[in-house]
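Just the heavy atoms: all of them, side chains too, but no hydrogens, waters or symmetry mates, feed the values below. Every chain is numbered from 1, with letters handed out A, B, ... down the list of sequences.
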2 protein chains.
Amino acid sequence: MRIGELSRRTGVPTRLLRYYEEQHLLHPDRSGNGYRSYPESAVARVQQIRGLLDSGLTTEMIRAILPYLCGPDALVPDPGSVPPETAALLQGHIDRIQSRIDCLARNRDRLAAYLAVVRPGGR
Amino acid sequence: MRIGELSRRTGVPTRLLRYYEEQHLLHPDRSGNGYRSYPESAVARVQQIRGLLDSGLTTEMIRAILPYLCGPDALVPDPGSVPPETAALLQGHIDRIQSRIDCLARNRDRLAAYLAVVRPGGR
DNA sequence: TCGAAGTCTGACATCAGTGTGAAGGTCAAG
DNA sequence: CTTGACCTTCACACTGATGTCAGACTTCGA
């Protein structure tokens with residue numbers, strides 16, 4: 001599929017699809033005329049990227065973790081082919097994400113508590 | 001306390017403390033010489049702000065919710081003094097935060113699952 | 001009293017994520 | 001063959017969060 005269709009199907013402007021490619025988050029190949037050509041799976045991938053960006057991750061973090069969370073993973077490598085430092089890096093990313101979750105959850109709870117007091121019969 | 005001490009105690013550069021003030025996240029008063037004067041509680045407030053920024057919220061969102069999550073809230077207003085549209089806005093913020101949490105948790109789980117496969121006896 | 005350290009404001013720079021537009025190539029339908 | 005829709009690259013601009021520096025004033029310790 002070409003960039004326009006991908007854009008329509010994901011709601012992401014073509015400008016950004018090209019930007020994500022520049023950031024090595026997407027790797028469309030090119031057809032003879034130079035047009036980008038995306039596989040069907042790009043739709044999900046783009047939605048994945050958008051979700052993570054909207055959640056406040058940078059393209060750099062996304063680039064780091066994207067290889068490990070794309071698809072139902074028929075492509076799990078055999079253990080041992082993944083060097084321990086990669087596993088450690090990955091664990092670091094997981095920890096950072098967990099910190100964010102904790103912070104956000106804490107503050108969500110505070111807001112909800114406030115709201116509960118202020119709007120006792122609410123909702 | 002003056003800005004230098006607040007900076008030392010929070011690890012946040014003075015540049016950013018001034019920036020947060022410009023963004024109406026902090027409201028130090030001024031002593032006679034024009035120096036900013038922060039109350040003790042500013043330390044916690046700054047840490048709160050940092051946590052939220054690090055979690056990917058913008059100063060705008062933080063400005064919106066900060067009034068409702070600062071301190072152990074002896075200052076809960078009586079229900080009814082809070083207009084319903086404010087409550088609705090607040091609920092919207094809670095929902096947005098929840099979306100982020102969901103997205104992050106989903107991806108954390110995927111990473112963890114990958115890691116579990118790759119490093120079966122790990123950790 | 002002098003100098004160092006702290007503070008003030010203001011300006012300019014950077015980086016990431018986006019928006020927007022120009023100038024030109026490709027292709028299909030009339 | 002022309003027109004319109006789509007694609008290409010390149011470039012400039014903006015916002016938000018942050019770094020850095022300059023010039024001036026204040027405070028404090030030797």
Side-chain angles (χ1 to χ4, degrees), chain A residues 1-39 42-43 45-66 93 96-97 99-100 103-104, chain B residues 1-39 42-43 45-66 93 96-97 99-100 103-104:
Chain A
M1 125 190 43
R2 289 178 306 178
I3 200 172
E5 183 182 349
L6 182 57
S7 173
R8 270 188 305 278
R9 288 176 58 186
T10 58
V12 175
T14 60
R15 171 69 173 90
L16 289 189
L17 296 176
R18 298 198 182 96
Y19 176 66
Y20 298 155
E21 178 179 358
E22 192 183 312
Q23 297 299 306
H24 305 102
L25 302 181
L26 296 174
H27 321 88
D29 40 81
R30 302 297 182 118
S31 32
N33 49 17
Y35 288 9
R36 289 169 179 82
S37 170
Y38 298 89
V43 174
R45 193 174 174 96
V46 168
Q47 285 162 345
Q48 179 84 38
I49 293 170
R50 279 310 320 172
L52 292 170
L53 277 175
D54 289 343
S55 298
L57 300 207
T58 65
T59 53
E60 187 182 0
M61 286 190 67
I62 298 174
R63 177 167 52 248
I65 66 177
L66 203 48
H93 283 297
R96 267 188 296 282
I97 291 175
S99 303
R100 289 183 176 223
C103 178
L104 292 175
Chain B
M1 133 190 33
R2 287 179 309 178
I3 199 171
E5 184 182 348
L6 182 56
S7 173
R8 269 188 305 278
R9 288 176 58 184
T10 59
V12 175
T14 60
R15 171 67 173 91
L16 290 188
L17 296 176
R18 299 197 182 97
Y19 175 66
Y20 299 155
E21 178 179 358
E22 192 183 312
Q23 298 298 307
H24 304 104
L25 301 181
L26 295 174
H27 321 87
D29 40 79
R30 302 297 183 116
S31 32
N33 49 17
Y35 286 12
R36 290 168 179 81
S37 171
Y38 298 88
V43 174
R45 191 174 175 100
V46 168
Q47 285 162 344
Q48 178 83 41
I49 293 170
R50 282 307 323 169
L52 292 170
L53 276 174
D54 289 341
S55 298
L57 269 55
T58 65
T59 53
E60 187 182 359
M61 287 190 65
I62 298 175
R63 178 167 52 247
I65 66 177
L66 203 50
H93 284 297
R96 267 187 295 282
I97 291 175
S99 302
R100 288 181 176 223
C103 178
L104 292 174

Problem set entry | Gap between atoms CG and P, on B:L6 and C:dC8 respectively (whole Å) | 11 Å

For this session: Mind calculating the distance between CD1 (B:I49) and C1' (D:dT18) to the nearest angstrom?
Result: 15 Å

Exercise. Quick one: A:R8 CZ to D:dC7 C1', roughly how many Å, whole number?
Worked result: 12 Å

Exercise. Do the side-chain N or O atoms of B:R36 get closer than 4.0 angstrom to the phosphate oxygens (OP1, OP2) of C:dT9?
Worked result: yes

Exercise. Under 4.0 Å: is that the gap between some side-chain N or O of B:R30 and OP1 or OP2 of C:dT9?
Worked result: yes

Exercise. Distance check: side-chain N/O of A:Y19 vs OP1/OP2 of C:dG17, anything under 4.0 Å?
Worked result: yes

For this session: Calculate the interatomic distance between B:M1 atom CE and D:dT27 atom P; express it in whole Å.
Result: 19 Å

For this session: Determine the contact category for B:T14: base if any of its heavy atoms lies under 4.0 Å from a base atom, sugar-phosphate if only primed atoms, P, OP1 or OP2 are that close, otherwise nothing.
Result: nothing

Exercise. Nearest-Å distance, CZ (B:R18) to C1' (D:dT20)?
Worked result: 12 Å

Exercise. Does B:Y35 have a side-chain nitrogen or oxygen under 4.0 Å from the phosphate oxygens OP1 or OP2 of C:dT7?
Worked result: no

Exercise. Can you tell me if the side-chain N/O atoms of B:Y20 get under 4.0 Å from OP1 or OP2 in D:dT18?
Worked result: yes

Exercise. Do you see a donor-acceptor pair shorter than 3.5 Å between the side chains of B:Y20 and B:R50?
Worked result: yes

For this session: Starting from P on C:dG17, measure out to CD on A:E22 and report it in whole angstrom.
Result: 11 Å

Problem set entry | Donor-acceptor contact below 3.5 Å, side chain B:R100 vs main chain A:R100 | no

Exercise. Mind checking whether B:E21 and B:H27 have side chains closer than 4.5 Å, heavy atoms only?
Worked result: no

Problem set entry | Residue among B:M1, B:R18, B:R2 satisfying side chain to side chain contact (heavy atoms under 4.5 Å, CB included) with B:R36 | B:R18

Exercise. In whole Å, what is the span from the CG atom of B:L52 to the C1' atom of D:dG16?
Worked result: 16 Å

For this session: Show your reasoning for whether side-chain contact (heavy atoms from CB on, under 4.5 Å) applies to B:V46 and B:R9.
Result: CA-CA 10 Å; B:V46 168; B:R9 288 176 58 184; over 6 Å; no

Exercise. Is B:R2 touching bases, backbone alone, or none of the nucleic acid, heavy atoms closer than 4.0 Å?
Worked result: sugar-phosphate

Exercise. Mapping B:E5 and B:R15 to their closest nucleotides on DNA chain C, which lands nearer the 5' end?
Worked result: B:E5

Exercise. Within less than 4.0 Å of OP1 or OP2 of D:dT18, is there a side-chain N or O belonging to B:R50?
Worked result: yes

Seminar exercise, completed: Closest to the side chain of A:N33, out of C:dT18, C:dC27, C:dA16, is C:dC27

For this session: Let me know the distance between CG of A:L17 and P of D:dT9, rounded to the nearest Å.
Result: 13 Å

